[in-house]
2 protein chains.
Amino acid sequence: MTAMLQIAPIAHEALSTRSRVAWPVIEGGKPRETTDPMTAALQSIGTVMKFKRNAAVFSEGDPARCVYKVVSGAVRTCRVLMDGRRQIADFYLPGDFFGLDWQAEHGFTAEAIADAVVVSYPRSQLEQIAETKPAVQKLLMSMLCKGLSSTQNHLVMLGRQTAQERLAWFLLGLMARSDDNTNLDLPMSRLDIADYLGLTIETVSRCVSEFKRKHFISVAGTHQVTLRNLDALEALASGEAEI
Amino acid sequence: MTAMLQIAPIAHEALSTRSRVAWPVIEGGKPRETTDPMTAALQSIGTVMKFKRNAAVFSEGDPARCVYKVVSGAVRTCRVLMDGRRQIADFYLPGDFFGLDWQAEHGFTAEAIADAVVVSYPRSQLEQIAETKPAVQKLLMSMLCKGLSSTQNHLVMLGRQTAQERLAWFLLGLMARSDDNTNLDLPMSRLDIADYLGLTIETVSRCVSEFKRKHFISVAGTHQVTLRNLDALEALASGEAEI
DNA sequence: CGCAAGTTTGACGTACATCAAGTAGTGTGG
DNA sequence: CCACACTACTTGATGTACGTCAAACTTGCG
């Protein structure tokens, strides 16, 4: 509630890693960024940073000084309760912006799911640009609105959907973000999925098995999923009757 | 996903009601609005509207043409699944703005909880004002950010908290919104609370009884609650150990 | 290869949902 | 003022979806 304005710097723990790891396949997908006004205006003020798997980009309570964009890899924002329960608010894939809190402090911790490259944009400079360029201002607003809207959908899912409905919703959401390709690469672990969907790892695993049995999906190597029956998945995700 | 741009007008069903009902006691509380730049700029473009209990201010899928402010009464935003399951995204009390979707369509339905008076501001005019007055622009951004932040907190609660923790969180949230007065008026029904917290009406009722038994709260007439042990409630709400 | 981390599967427990009666509150008309 | 109905809330008995605990199985990197 009270903004404490702590002076702790943005977490740079894993900034200088140069590990030669294969980037997640996700990066092979079509780049989400075309030549929008934002990209041009932002190129100059961005700083490239690298993070190893599980390294924090920023932590809950850090002063919200920057906005970030995923270049490669993937990022999650989450909060951990005192007894270890964790809720993931969102996943960010290449091209996605995150950390747009625009308040005194970040309310969530952001961590790299897989080794990630991220560009950071100082908020102060971003605000300057926005004041002179209404197009950028509007883009910021629209990004915030999209975030709000997706968070609200997440809310409904967590409040009222069953485990199977949650998983179907999750898979279709991922599909929509990867140009409606039914071949999905899940950069995150089962635990991440569970904490995103408000379930346990075991329940997620059981639902995946159930979907395989019903031929809704097929799985290769636990991180490659192919959606095989979109109609059935969509019926589940939107809260229609069980089969 | 696809913006259909339907031409249906904003719901005006209950606009012209003039029923002489006692307004909820909430209105007696301190007005949340001081003389901010927004208020001045907005006074001219606002339209006052009245809604009877349960009347819709706007419905899911309506074109998002206006932003609204509660003058008196209370409003909820919710979504109903096909089989009747309902999730309430937020409650809005006098002074609160709602409907700030800033997208093609409203993602949720907004309904009056108690008979309500609301001011509507056309988005087109609001955008004009914002372009010339950066202060208004910033206020819009900050309102959006606050909404996002509160939705994210809601998310964690729905994903990872127990029934008792949810109720404690809810009561403390209401308290914070009413100038930290421990005497709360709940304008909403037990069903509304249940649908906000992702529970059933019976579970909410049982938790209220449990809190009474433990002397965390005392209740008069089902809608007047007094918080009697803030420490215990805060410990619960933030996910500390059970007692 | 070989180990450690991640995932799946099974047996069992529990918090919350569901179903079903009650018991306030609230408003209406005599 | 009470009788009536109606809606909202509470309480109890029982069910179930998902969590927990524990053991096997896979996967993938050193």
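Just so it is clear, the model here is predicted, and its values are computed rather than measured. Scope of the values below: all heavy atoms of this structure, side chains included, with no hydrogens, waters or symmetry mates.
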5'-most by nearest nucleotide on DNA chain D - Ser189(B) or Thr200(A): Ser189(B)
In whole angstrom, give the distance that lies between atom [atom1] of [X] and atom [atom2] of [N].
X: Asp192(A); N: dT7(C); atom1: CG; atom2: C1'; value: 14 Å
X: Leu158(A); N: dC16(C); atom1: CG; atom2: C1'; value: 16 Å
X: Gln224(B); N: dC9(D); atom1: CD; atom2: P; value: 13 Å
X: Asp83(A); N: dG19(D); atom1: CG; atom2: P; value: 15 Å
X: Asp195(B); N: dC9(D); atom1: CG; atom2: P; value: 12 Å
X: Leu199(B); N: dA15(C); atom1: CG; atom2: C1'; value: 11 Å
X: Met188(A); N: dG6(C); atom1: CE; atom2: C1'; value: 16 Å
X: His223(B); N: dA24(C); atom1: NE2; atom2: C1'; value: 12 Å

When you compare the side chains of [X] and [Y], does any donor N or O come within less than 3.5 Å of an acceptor on the partner?
X: His106(A); Y: Asp62(A); value: no
X: Gln87(B); Y: Asp195(B); value: no
X: Ser218(B); Y: Arg228(B); value: yes

With a 4.5 Å cut-off on side-chain heavy atoms, are Leu172(B) and Leu227(B) touching? yes
Does [Y] offer a backbone N or O that forms a donor-acceptor pair with the side chain of [X] under 3.5 Å?
X: Ser149(A); Y: Cys145(A); value: no
X: Ser205(B); Y: Ile201(B); value: no
X: Arg166(B); Y: Leu197(B); value: yes

Under 3.5 Å, N/O pairs linking protein and nucleotides 10-15 of chain D:
{"from": "dT10(D)", "atom 1": "OP1", "to": "Arg190(B)", "atom 2": "NH2", "distance (Å)": "3.3"}
{"from": "dT10(D)", "atom 1": "OP2", "to": "Arg190(B)", "atom 2": "NE", "distance (Å)": "2.9"}
{"from": "dT10(D)", "atom 1": "OP2", "to": "Ser205(B)", "atom 2": "OG", "distance (Å)": "2.7"}
{"from": "dT10(D)", "atom 1": "O5'", "to": "Ser205(B)", "atom 2": "OG", "distance (Å)": "3.0"}
{"from": "dT11(D)", "atom 1": "OP2", "to": "Ser209(B)", "atom 2": "OG", "distance (Å)": "2.3"}
{"from": "dG12(D)", "atom 1": "N7", "to": "Arg206(B)", "atom 2": "NH1", "distance (Å)": "2.9"}
{"from": "dG12(D)", "atom 1": "O6", "to": "Arg206(B)", "atom 2": "NH2", "distance (Å)": "3.3"}

Base, sugar-phosphate, or nothing: which does Arg160(B) touch, judged by heavy atoms less than 4.0 Å apart? nothing
Assign Gly221(B) to base, sugar-phosphate, or nothing according to its heavy-atom contacts below 4.0 angstrom with the strands shown. nothing
